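First the structure, in the form of structure tokens, and then the observations on it.
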Amino acid sequence: MKAQYGQVVLVDGGGFFPELDDQQDAAWFLMDAMMILHTDAVGVSEKELRYGRAFLLAQQKRSKLPLTCANLWDKQTKKTLVAPYLLVKKGTATVGIFCVTSEKADLGVSRDSVTVEDPTAAATRTVAELRKKGATVVVLLSQLGKVESEDIVTAVDGIDAVIVGRNTPLLQKGRMIKTTVACYGGEQGQYIGRTLLTLDAKKKVATGDNETFILGPEVGENPSMLTLVKSFEDSFNDKQRKKEKERAAAAELNRANGGTGNSEQAVDHYLGGEICARCHKAEQEQWATTLHAQAWKTLVDAKKDANQDCIPCHVVGYKKPGGFQTGDDAAKLANVQCENCHGMGTQHEALPTQARRITEATCRGCHTAANSPNFNFATYLPHILHKPQGALKPLPPNPAKQKMLQGGH
Ligand code: HEC
Ligand code: HEC
Ligand code: HEC
Ligand code: HEC
């Protein structure tokens, strides 16, 4: 379509987060996929809030996906949760895009942090604001279902096109509702709708038409998308394999302890910091500048990287579940990483509401009197905090360094 038409705006109606709790990875994957397609605007409904407000906002920050919704309000900031509307310039057209979602939807875990405003009030206000800001075309991403979507474009003037979402049946040909072209795209992302709008001399919409196409095998492959799909599937398969192994190990342990051998209990374990970086990029980048990120190189340079007396404090989770077992694990688990201070990744709450405080005891496990005689929590801490600390005085040299270099077997 981009090759065929000059001024193409690509939108997604929203409601794309997965249905199941254990498919959370599909959420960030779809957001990355829509970025690869250069999607101009994406609607938000309560489905995108199913893993919590913080998860959605963190993923938006990371992926930079242009999310919009005019009637979801953040109770904390008293602003809309995401952009109330987006203005996209394409050639001679300025397209204003906004989304409204249903007041009746169950906000689940986000109900204490987000409220839903009356969609008609939000649409009336937003259309006026978009026209004032110079929008020549106005598109509504509606998460109201078929009947209410048709009602709202009848009640609110000035909406040129509506993408009808939330359990709506697929209609191959869209229809006109007063002066609005409606698109009924069906479910499961197997279809793409095309709304053609022709503009008059004043760049206002003159005529419109909609048709929906199934995405069959004749749609060519996109190399970046293939790479993304592969990396998603690899990590997904890895996780499944690991889960299988753990289930088997837990069952084995359970049998050894006289149980029935079918323990389904999840075993907590280390994951490695690469996973954390996916959602905590800023912390990861700061961590990479600290000496903790060099701790393995220190052992390699000293030719002590196979020495069991040295490894424990210079890697993640030595000889513990999921942790560093042998040199083969160095790529993933070498150095003092996130989990050395924050604990096993599998204990990460789905929706942490407040940071667990890290105390001196966390450091003292490694910064012992023998290996780190200068250690002082107050002076050492600023050197590892993730938030900028301004200019810091370098710490004095570690008097135990020579002893460590000579130590071990
Ligand atoms: C899928 C995304 C995701 C991944 C992966 C992830 N986190 Fe988080 N984490 C969050 C969100 C969302 C929050 C809460 C909001 C915030 O602080 O950004 C959070 C909060 C935290 C907090 C502060 C709250 C607390 O419990 O102390 C820490 C520390 C943290 N994460 C560490 C980690 C570590 C370590 C890893 C890797 C083992 C990790 N995270 C992996 C999403 C993620
Ligand atoms: C798993 C072990 C481990 C834990 C836990 C740990 N550290 Fe470290 N830390 C090290 C090692 C090993 C080094 C030396 C890295 C190198 O240079 O090879 C180090 C180095 C440092 C340095 C750099 C010292 C210098 O000479 O510049 C600071 C600062 C530091 N740690 C602070 C902390 C603080 C604060 C905590 C607790 C919040 C902490 N560390 C927890 C193992 C650990
Ligand atoms: C109990 C935990 C622990 C063990 C075991 C340990 N280290 Fe360390 N190592 C540390 C900590 C903590 C530091 C940072 C101390 C500081 O700067 O205050 C460190 C720092 C170092 C440094 C200095 C890095 C630099 O350039 O400043 C070297 C070299 C080193 N360790 C090598 C070794 C060797 C070799 C062994 C085995 C003989 C070993 N370590 C065993 C915790 C440990
Ligand atoms: C040496 C210990 C240490 C390491 C290693 C470490 N952190 Fe932290 N982290 C802290 C401390 C201390 C805080 C501040 C919380 C507090 O005051 O207790 C913190 C806070 C956080 C928070 C809460 C939000 C913030 O920025 O304050 C997140 C998220 C987080 N860390 C993620 C990570 C990730 C991801 C990594 C690995 C790339 C990592 N941390 C490595 C000590 C550590």
Side-chain angles (χ1 to χ4, degrees), residues 24-29 31 51-63 113 235 239 268-302 304-305 310-318 320 322-324 333-368 371-389 392-401 404-405:
Q24 194 169 349
D25 281 352
W28 62 255
F29 162 75
M31 293 176 84
Y51 304 115
R53 163 189 169 281
F55 176 80
L56 178 66
L57 296 183
Q59 289 303 328
Q60 173 177 38
K61 204 166 150 200
R62 183 192 59 79
S63 66
S113 52
S235 93
K239 270 194 198 160
D268 273 317
H269 59 96
Y270 289 99
L271 301 169
E274 226 177 80
I275 298 225
C276 321
R278 220 179 261 162
C279 301
H280 298 296
K281 196 148 184 292
E283 284 84 1
Q284 197 275 337
E285 282 170 359
Q286 181 278 334
W287 167 82
T289 67
T290 67
L291 285 174
H292 285 147
Q294 302 287 327
W296 183 248
K297 182 175 181 294
T298 295
L299 291 190
V300 173
D301 290 349
K304 301 277 187 179
D305 52 308
C310 309
I311 297 172
C313 306
H314 288 248
V315 302
V316 178
Y318 186 56
K320 301 213 177 95
F324 189 106
L333 297 162
N335 295 319
V336 179
Q337 299 188 14
C338 324
E339 291 168 290
N340 288 97
C341 291
H342 292 295
M344 288 174 171
T346 52
Q347 292 170 343
H348 193 299
E349 288 175 69
L351 308 154
T353 44
Q354 101 191 98
R356 282 165 294 188
R357 287 210 72 82
I358 287 179
T359 61
E360 177 163 1
T362 307
C363 323
R364 282 294 184 186
C366 302
H367 288 267
T368 59
N371 296 295
S372 185
N374 286 338
F375 185 78
N376 173 314
F377 189 56
T379 56
Y380 270 54
L381 187 65
H383 288 265
I384 60 98
L385 285 177
H386 309 312
K387 308 220 160 81
Q389 301 294 316
L392 289 172
K393 268 212 315 234
L395 292 164
N398 175 10
K401 180 172 171 178
M404 272 190 281
L405 281 171

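Note that the structure is a prediction, hence the values are computed from the model and not measured. When a ligand or atom number is given, it counts from 1 through the structure's own listing order.
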Is a donor on one side and an acceptor on the other found under 3.5 Å between the side chain of [X] and the backbone of [Y]?
X	Y	answer
D268	M344	no
W28	C279	no
T298	Q294	yes
H314	N335	no
E339	G345	yes

Taking it one step at a time, do L392 and H383 satisfy side-chain contact (heavy atoms from CB on, under 4.5 Å)? CA-CA 7 Å; L392 289 172; H383 288 265; 3.9 Å; yes
Hey, is there an N, O or S on C341 sitting under 2.8 Å from atom 8 (Fe) of ligand 4?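 Coordinating: no.
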H280 backbone or side-chain N/O/S under 2.8 Å from atom 8 (Fe) of ligand 4: no
Spatial distance of atom [atom1] ([X]) from atom [atom2] ([Y]) [nearest 0.5 Å]:
X	Y	atom1	atom2	value
L291	N398	CG	CG	10.5 Å
C338	Q284	SG	CD	7.0 Å
L385	E283	CG	CD	11.0 Å
R364	T359	CZ	OG1	11.5 Å
H348	L271	NE2	CG	10.0 Å
F377	T362	CZ	OG1	7.0 Å

If we only count N/O pairs under 3.5 Å, is R357 in contact with ligand 4?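 N/O-N/O distance under 3.5 Å: yes.
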Return yes or no for this condition: an N or O of K387 is under 3.5 Å from an N or O of ligand 4. yes
Tell me, which protein N/O/S atoms are under 2.8 Å away from atom 8 (Fe) of ligand 2? H292 NE2, H367 NE2
N374 vs L395 side-chain heavy atoms within contact, under 4.5 Å: no
Please state which protein non-hydrogen atom is closest to atom 24 (C) of ligand 2 and give its distance, to 0.1 Å? L395 CD1, 3.8 Å
Using a 4.0 Å cut-off to any heavy atom of [X], which atoms of ligand 2 qualify?
X	result
T298	16 (C), 17 (O), 18 (O)
C313	1 (C), 2 (C), 12 (C), 42 (C)
L381	35 (C)
H383	29 (C)

Is there at least one pair of N or O atoms, one from H348 and one from ligand 1, spaced under 3.5 Å apart? yes
If the cut-off is 4.0 Å to any non-hydrogen atom of Q284, which atoms of ligand 4 fall inside it? 38 (C)
Using a strict cut-off of 4.0 Å, indicate which atoms of ligand 4 neighbour a heavy atom of L385. 12 (C)
When you measure from [atom] to each heavy atom in [options], which option holds the nearest one?
atom	options	value
atom 40 (N) of ligand 4	H386, K281, R278	H386
atom 5 (C) of ligand 4	Q286, H342, Q337	Q337
atom 28 (C) of ligand 4	E285, E283, E274	E283

Under 4.0 Å to a heavy atom of [X] - the qualifying atoms of ligand 1, by number:
X	result
G345	38 (C)
C279	1 (C), 2 (C), 3 (C), 4 (C), 5 (C), 42 (C), 43 (C)
C338	35 (C)
I275	5 (C)

Is [atom] near the protein, in the sense that some protein heavy atom lies at less than 4.0 Å from it?
atom	value
atom 14 (C) of ligand 2	no
atom 10 (C) of ligand 4	yes
atom 42 (C) of ligand 4	yes

Taking side-chain hydrogen bond (donor to acceptor under 3.5 Å, both in side chains) as the cut-off, I'd like each qualifying pair that reaches into residues 269-279, sequence neighbours left out, listed once. E246-H269
Any G365 heavy atom less than 4.0 Å from ligand 2: no
Using non-hydrogen atoms of the residue, decide whether T362 is closer than 4.0 angstrom to ligand 2. yes
Take the angle between the ring planes of F55 and Y51 and call it parallel below 30°, perpendicular above 60°, tilted in between.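 Ring orientation of F55 relative to Y51: perpendicular.
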For the aromatic rings, using the six-membered ring if either is Trp, is the centroid distance between F324 and W296 under 6.0 Å? yes
Hey, is N340 touching ligand 4 through its side chain, its backbone, both or neither, going by heavy atoms under 4.0 Å? neither
Indicate, as side chain, backbone, both or neither, the part of C276 found under 4.0 angstrom from ligand 4 when only non-hydrogen atoms are considered.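 Side chain only; the backbone of C276 stays clear of ligand 4.
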